[in-house]
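The structure under discussion appears below in the form of structure tokens.
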Amino acid sequence: MNIKPKFLAPGDNSWQEDKVDIDAHVSTQFVYNGNHSLSIDLQRKRLPIYKLRNHIIYSLEKYQTLVLVGETGCGKSTQIPQYLVEAGWASDDKIIGITEPRRVAATSLANRVADERNCILGTDVGYAIRFDDCTDNTTKIKYLTEGILLREMMGDPLLTNYSVIILDEVHERTMLTDIIMGLLKKILRKRKSLRVIVSSATVDAEELRDFFNTNQSSKSRDKDTATILSVAGRLYPIEILYTVESLANYVNAVVETAIKINESEGPGDILAFLTGMDEVDRAVSLLAEHAKIVKEGQLKLMPLPIYGSLPNSEQLKVFWKTSNDSRKVVIATNIAETSITIPNITYVIDCGFVKLPWFDAETQTNSLIIAPISKASADQRAGRAGRTRSGKAYRLYTEQAFKELIDATPPEMQRSDLAPAVLQLKALGIDNVLRFSFPSSPPSKSLLSALELLYALGAINDNGELSNPLGLMMAEIPLDPVFAKCIITSGEMGCSEEITTILAMMQVQNVFIRPNSGQAAIKARIAHRMFEVEEGDLLTLLNVYTAYEKNKTNHWCQKYFINSKAMKRVTEIRIQMRKLIKKLQIPMKSCSVTVEGILKCITSGLFPHAAYLHYSGVYKTVRGNKDLYIHPNSCLYTLEQPQWILFGEILQTNKTYMRELTVIKPEWLVELAPHFYQKTAID
DNA sequence: GAGCACTGC
């Protein structure tokens with residue numbers, strides 16, 4: 001039968017360390033403070049938001065939901081929680097929660113507000129992120145990541161601890177923001193005392209108000225339950241400049257514009273946006289060439305790259321202050337649009353494009369597409385120039401082209417795999433996800449394929465209900481459904497030790513340090529080869545952790561080009577998973593018999609991600625017809641192509657690449673997932 | 001021979 005089935009000191013620890021977080025203690029990242037010589041009280045009163053203080057408090061008496069529009073830096077995220085406490089919203093043991101999409105934002109905002117209120121962090125003002133709950137029973141203002149709030153909902157579906165929930169950065173429309181908004185809409189109906197403040201940029205304010213408003217008759221506005229408030233303008237004006245004609249090459253244009261600014265404009269650092277690492281590196285080297293010739297009376301150009309996969313120590317250079325005779329030119333990917341705020345930028349250059357992840361439900365493929373940015377994104381980029389003084393934004397496209405841009409980037413929900421989201425919603429009692437009120441409905445095709453996958457994994461039954469105990473358990477595990485399934489079966493298959501380790505390793509990016517050139521690149525390659533096995537990347541990761549656990553020193557990590565900070569995080573995640581396994585009463589066992597046990601266990605969860613070697617020499621999935629390739633970073637890349645493999649994910653860039661591979665035997669698919677593979681096995 | 005950015009009891 002043929003089956004087709006914290007802040008590093010400059011120079012400290014050098015390039016080995018990867019990005020962990022640009023540390024929370026750099027408060028300059030988030031908070032504009034031009035009034036630093038004033039008392040804290042006076043400073044607070046000078047913020048643009050202060051004028052709205054009474055209006056906000058009054059509106060919150062009348063309306064259940066407030067959509068608050070205002071630009072970053074106006075003080076929304078730091079001041080509103082304090083106004084609410086001062087107005088008595090934190091009495092009766094209730095607290096005020098502020099969600100942030102990123103961990104650094106949650107911790108640094110909490111730090112800042114604790115400072116302003118002159119209290120110890122973790123008492124009156126606290127934060128909660130994964131592995132770090134810095135709150136106590138007196139906490140009144142709590143900054144938390146969106147993921148944490150969602151987890152809290154699982155234990156307390158009506159969020160009874162909170163009097164007010166503030167959703168920050170809603171314009172980013174992350175997957176979690178949208179899920180939380182949908183759920184809050186339901187909670188608001190049941191808890192009339194709860195208030196929600198949605199903090200956003202302008203574009204979607206009306207849409208969001210209408211979403212939360214329960215008054216459907218537009219004639220009697222006085223019965224509305226939601227309203228919009230706007231915080232006036234920005235601190236400093238930004239002049240926007242467009243090109244006269246559209247350009248052929250935006251990388252060259254970025255370089256030329258930077259040079260032109262240096263020749264004709266006053267002092268001030270430049271921030272340029274490009275789409276990816278390649279472009280950034282190219283622009284940096286072109287500028288570095290030019291920087292060698294310093295014309296008289298001109299500042300020396302100091303080009304600096306910044307992108308996610310850049311080692312931490314290199315990333316930190318963009319925060320260094322330049323000397324008086326030079327001008328910093330930071331060339332960035334989208335990381336500088338939201339995640340990293342570089343201080344003192346006067347000029348912004350915007351290429352007008354972005355790399356956007358796009359999920360195709362039909363082929364179950366994630367792609368990175370280069371797409372024109374949205375108007376909101378263009379304004380966000382421009383806004384990076386006017387944080388400490390007035391600035392200029394050079395848009396490398398025509399004004400007409402700007403007008404033709406879409407208003408906002410489609411919410412993540414509309415372009416992602418929804419299986420994790422649907423599992424969470426089911427666990428929160430949303431039986432019919434197709435009828436759930438999303439702020440923006442996702443494509444029904446994506447919802448259906450998510451349901452299909454969850455059904456195949458056994459997380460939901462024939463009636464579409466969460467299965468008990470499998471589905472319920474899967475929802476409790478903070479991993480993608482396919483991996484959650486692996487953990488659960490690992491108990492029965494006697495390899496939970498190994499599986500938890502592998503999955504903990506997979507949660508962390510950049511475990512391997514791969515210098516891109518020179519002697520170090522070769523050394524790293526040789527060192528990494530020590531861990532590689534023909535069974536694939538997942539087993540290789542297991543080897544890395546096992547070896548690390550015996551040594552656990554920075555010296556060892558350096559020697560083998562392993563990222564020690566990443567490994568420390570793996571250790572934390574692993575401990576957390578082991579606790580969870582205990583709670584779920586999954587037996588903790590080690591597979592002393594064979595590796596086959598582990599491989600089979602991986603198959604029991606990852607079976608929907610199987611691919612076989614087609615006679616044409618490329619891989620195909622059993623269902624789809626797309627040509628698939630082994631990613632060059634996989635340990636299998638240099639080996640003879642195995643007949644059958646499982647992949648962790650597929651990402652389409654220049655080619656469609658499979659990553660995080662495991663070599664399997666096809667009969668395991670039929671054995672472990674007969675409902676999924678038996679029909680196609682006839683061939 | 002390749003890498004937008006985030007997140008989780």
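Hydrogens, waters and symmetry mates are skipped; everything else that's a heavy atom, side chains included, is used. Nothing here was measured: the structure is a model prediction, and the numbers come from that model. Proteins get letters first, then strands, A, B, ... in listed order; numbering begins at 1 in each.
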Kindly say if [X] contacts the phosphate of [N], meaning a side-chain N or O under 4.0 Å from OP1 or OP2.
X: A/Arg103; N: B/dG8; answer: yes
X: A/Thr653; N: B/dA2; answer: no
X: A/Tyr307; N: B/dA5; answer: no
X: A/Thr145; N: B/dG8; answer: yes

- Message: Checking the side chain of A/Arg574 only, and the main-chain atoms of A/Thr500 only, is there a donor and an acceptor separated by less than 3.5 Å?
- Response: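 Not at all, since once roles are kept as given, no pair shorter than 3.5 Å links the two residues.
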- Are the side chain of A/Asp136 and the backbone of A/Thr139 linked by a donor-acceptor contact shorter than 3.5 Å?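 Pair found, side chain donor or acceptor close to backbone of A/Thr139.
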- Residues in side chain to side chain contact (heavy atoms under 4.5 Å, CB included) contact with A/Glu534, at least two apart in sequence or another chain: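 Result, side chain to side chain contact (heavy atoms under 4.5 Å, CB included) vs A/Glu534: A/Leu639.
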- Task: Tell me, please, which residues at least two apart from A/Ala527 pass side chain to side chain contact (heavy atoms under 4.5 Å, CB included).
- Result: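 If we apply the side chain to side chain contact (heavy atoms under 4.5 Å, CB included) test to A/Ala527, skipping adjacent residues, the hits are A/Tyr560, A/Phe561.
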- Item | With sequence neighbours excluded, residues passing ring-ring contact (aromatic ring centres under 6.0 Å, His included) with A/Tyr307 |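 Partners of A/Tyr307 under the ring-ring contact (aromatic ring centres under 6.0 Å, His included) test: none.
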- A/Phe647: what forms a ring-ring contact (aromatic ring centres under 6.0 Å, His included) with it, not counting sequence neighbours?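 Per chain and number, A/Phe647 pairs via ring-ring contact (aromatic ring centres under 6.0 Å, His included) with A/His609.
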What is the nucleic acid contact for [X], judged by heavy atoms within less than 4.0 Å: base, sugar-phosphate only, or nothing?
X: A/Asp278; result: base
X: A/Leu368; result: base
X: A/Pro101; result: sugar-phosphate

- Task: Report the residue from A/Glu169, A/Glu412, A/Glu146 that forms a side chain to side chain donor-acceptor pair (under 3.5 Å) with A/Thr177.
- Result: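 Filter result, single survivor: A/Glu146.
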Taking [atom1] from [X] and [atom2] from [N], how many angstroms apart are they, rounded to a whole number?
X: A/Glu279; N: B/dA5; atom1: CD; atom2: P; value: 12 Å
X: A/Ile306; N: B/dG3; atom1: CD1; atom2: P; value: 20 Å
X: A/Phe131; N: B/dC9; atom1: CZ; atom2: C1'; value: 9 Å
X: A/Leu149; N: B/dG8; atom1: CG; atom2: P; value: 12 Å
X: A/Asp281; N: B/dA2; atom1: CG; atom2: C1'; value: 12 Å
X: A/Gln509; N: B/dG8; atom1: CD; atom2: C1'; value: 13 Å
X: A/Ile179; N: B/dG8; atom1: CD1; atom2: P; value: 14 Å
X: A/Phe483; N: B/dT7; atom1: CZ; atom2: P; value: 18 Å

What's the closest nucleotide to the side chain of [X] if the choices are [options]?
X: A/Asn633; options: B/dT7, B/dG3, B/dG1; value: B/dG1
X: A/Arg151; options: B/dA2, B/dG3, B/dG8; value: B/dG8
X: A/Gln507; options: B/dG8, B/dG1, B/dA5; value: B/dG8
X: A/Lys355; options: B/dG1, B/dA5, B/dC4; value: B/dC4
X: A/Arg102; options: B/dA5, B/dG3, B/dT7; value: B/dT7

- Query: When you measure from every atom of DNA chain B, which of residues 572-586 of chain A have a heavy atom less than 4.0 Å away?
  - Reply: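 Going residue by residue through residues 572-586 of chain A, the ones with a heavy atom under 4.0 Å of DNA chain B turn out to be A/Gln576, A/Leu580.
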- Query: Does any residue of residues 467-480 of chain A have a heavy atom under 4.0 Å from DNA chain B, and if so, which ones, in number order?
  - Reply: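 Heavy-atom cutoff 4.0 Å gives A/Glu476, A/Pro478, A/Leu479.
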- Query: Partners of A/Glu532 by salt bridge (Lys or Arg N to Asp or Glu O under 4.0 Å), sequence neighbours excluded?
  - Reply: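 Residues passing salt bridge (Lys or Arg N to Asp or Glu O under 4.0 Å) with A/Glu532: A/Arg525.
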- Item | Sequence-distant partners of A/Asp278, salt bridge (Lys or Arg N to Asp or Glu O under 4.0 Å), two or more places apart |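 If we apply the salt bridge (Lys or Arg N to Asp or Glu O under 4.0 Å) test to A/Asp278, skipping adjacent residues, there are no hits.
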- Message: For residues 468-481 of chain A, which residue pairs pass the salt bridge (charged side-chain N to carboxylate O under 4.0 Å, His left out) check, not counting sequence neighbours?
- Response: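 Every salt bridge (charged side-chain N to carboxylate O under 4.0 Å, His left out) pair that includes a residue of residues 468-481 of chain A, provided the two are not neighbours, is A/Glu476-A/Lys583.
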